[in-house]
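Take a look at the structure set out below.
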Amino acid sequence: MKLLGTNTSPYVRKTRLVLLEKNIPHTYLIDPPREQGSQVVRANPLGRIPALILDDGTCVFDSSVIAEYADTLNDTTILIPRNDALARMRVKRWEALADGIMDSAVVVRNEVLRPKESQDAGATTRHLDAVTRALTHISGQLGTRQWCEGETISLADLALVSALIYLDLRQAERDWRGAHPNLAAWFARMSERASVRATLEG
Ligand SMILES: N[C@@H](CCC(=O)N[C@@H](CS)C(=O)NCC(=O)O)C(=O)O
């Protein structure tokens with residue numbers, strides 16, 4: 001299978017982490033969707049990454065669908081609980097929180113890229129505040145636990161680390177480590193994982 005993406009997209013990082021943690025053989029192709037000649041629109045009519053192309057040509061998007069599909073491919077590491085409905089919901093809810101942080105951070109980033117006179121300061125503030133509230137909530141939920149949900153790594157951890165790496169990239173001035181030392185400690189541990197390091201290396 002082939003994964004189309006870019007190294008800065010947090011949704012792509014989440015997907016790469018899932019494939020790496022599950023040891024699923026794949027080829028990762030850097031394919032910015034707005035560049036001429038990009039394969040992305042053929043794989044995903046929405047023109048968004050990540051897009052996963054299976055060996056038979058089937059295209060899978062978006063990142064949540066890819067994660068859910070990939071998780072069923074083997075049992076080496078189960079990233080989304082299968083039989084416990086509440087645990088499953090909690091993992092997906094963590095994912096929704098992390099994805100929401102990504103969504104808001106992308107909105108802020110897009111505003112910053114617009115000419116100053118056409119930037120929407122209200123939207124920027126609303127989305128910055130949403131990220132701040134989400135981080136406070138996450139920090140409270142995490143406490144001193146090693147993993148977001150349960151006793152082992154899950155999609156929740158992979159989504160959250162992807163969101164935080166993106167915040168470091170786009171909102172470097174945000175001192176979320178100072179505000180939430182428990183989250184900082186969790187992040188430092190997660191950053192040591194081979195999968196996370198691999199995505200940071202390119
Ligand atoms: N909900 C989607 C979001 C994907 C998304 O918005 N990706 C961005 C990159 S971060 C994208 O491809 N934007 C289109 C563009 O850059 O033209 C997912 O989880 O996969």
Side-chain angles (χ1 to χ4, degrees), residues 1-22 24 26-54 58-73 79-80 88-115 118-120 123-124 126-128 130-131 134-135 138 148-149 154-172 174 195-196 198-202:
M1 56 180 77
K2 279 192 308 192
L3 177 69
L4 309 182
T6 63
N7 288 342
T8 50
S9 166
Y11 313 96
V12 171
R13 189 180 311 281
K14 179 178 74 169
T15 306
R16 291 183 70 198
L17 289 175
V18 167
L19 296 176
L20 289 167
E21 289 286 344
K22 292 198 60 92
I24 294 174
H26 64 282
T27 306
Y28 170 54
L29 293 176
I30 295 188
D31 190 347
R34 294 182 206 181
E35 272 182 20
Q36 219 170 10
S38 165
Q39 297 183 54
V40 172
V41 282
R42 269 178 277 137
N44 177 357
L46 298 169
R48 293 188 194 150
I49 46 171
L52 184 71
I53 308 175
L54 306 186
T58 303
C59 298
V60 191
F61 53 87
D62 61 6
S63 63
S64 300
V65 179
I66 298 173
E68 198 148 359
Y69 169 72
D71 197 43
T72 60
L73 292 182
L79 295 174
I80 308 174
R88 187 177 175 87
M89 176 278 289
R90 284 193 297 267
V91 166
K92 297 289 289 179
R93 189 174 60 185
W94 275 104
E95 184 190 21
L97 267 173
D99 283 7
I101 291 174
M102 299 174 198
D103 295 344
S104 282
V106 167
V107 170
V108 173
R109 167 75 179 160
N110 288 340
E111 283 302 320
V112 167
L113 291 177
R114 288 152 72 101
S118 45
Q119 288 180 14
D120 182 343
T124 300
R126 272 196 313 281
H127 284 281
L128 286 173
V131 172
L135 290 175
I138 282 169
C148 292
E149 170 61 34
S154 75
L155 176 62
D157 302 284
L158 304 180
L160 181 55
V161 79
S162 303
L164 292 174
I165 290 170
Y166 190 68
L167 283 186
D168 280 348
L169 177 70
R170 298 297 190 217
Q171 297 180 21
R174 181 188 280 278
S195 63
V196 177
T199 69
L200 289 169
E201 279 156 16

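Read the numbers this way: they start at 1 and go in the same order the structure lists the ligands and their atoms. Given the structure is predicted, the values throughout are model-derived calculations rather than measurements.
The shortest N/O to N/O separation between Ser9 and ligand 1 does not fall below 3.5 Å. Ligand 1 has an N or O atom lying under 3.5 Å from an N or O atom of Ile49, backbone or side chain. Checked by distance only, ligand 1 and Arg34 come closer than 3.5 Å through their nitrogen or oxygen atoms. Among the atoms of Ser64, none of the N or O lies under 3.5 angstrom from an N or O of ligand 1.
Side-chain contact between Tyr166 and Ile101 is absent, with no heavy atoms from C-beta onward closer than 4.5 Å. At least one side-chain heavy atom of Glu68 sits less than 4.5 Å from a side-chain heavy atom of Ile80.
Given atom 14 (C) of ligand 1, the protein heavy atom at minimum distance is Gly47 O, 3.7 Å. In terms of protein heavy atoms, atom 1 (N) of ligand 1 is closest to Asp62 OD2, 3.2 Å. In this structure, the protein non-hydrogen atom closest to atom 20 (O) of ligand 1 is Ser63 N, 2.9 Å. The shortest contact between atom 6 (O) of ligand 1 and any protein heavy atom is with Arg48 CD, 3.5 Å.
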Verdict with reasoning, Glu95 to Ser64, per side-chain hydrogen bond (donor to acceptor under 3.5 Å, both in side chains)
CA-CA 8 Å; Glu95 184 190 21; Ser64 300; 3.1 Å; yes
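Ile49 CD1 to Asn44 CG: the interatomic distance, rounded to the nearest 0.5 Å, is 10.0 Å. To the nearest 0.5 Å, atom CG of residue Leu52 and atom NZ of residue Lys2 are 10.5 Å apart.
Remark: Arg16 is positioned above the aromatic ring of Tyr28, its terminal NZ or CZ atom under 6.0 angstrom from the ring centre and at most 45 degrees off the axis.
The local environment of CZ in Arg114 is crowded, with over 12 non-hydrogen atoms from other residues, nucleotides or ligands closer than 6.0 Å.
Near Pro50, the atoms of ligand 1 lying under 4.0 angstrom from a non-hydrogen atom of the residue are 20 (O).
Contacts with ligand 1 closer than 4.0 Å are made by side-chain heavy atoms of Pro33 only, the backbone lying farther away.
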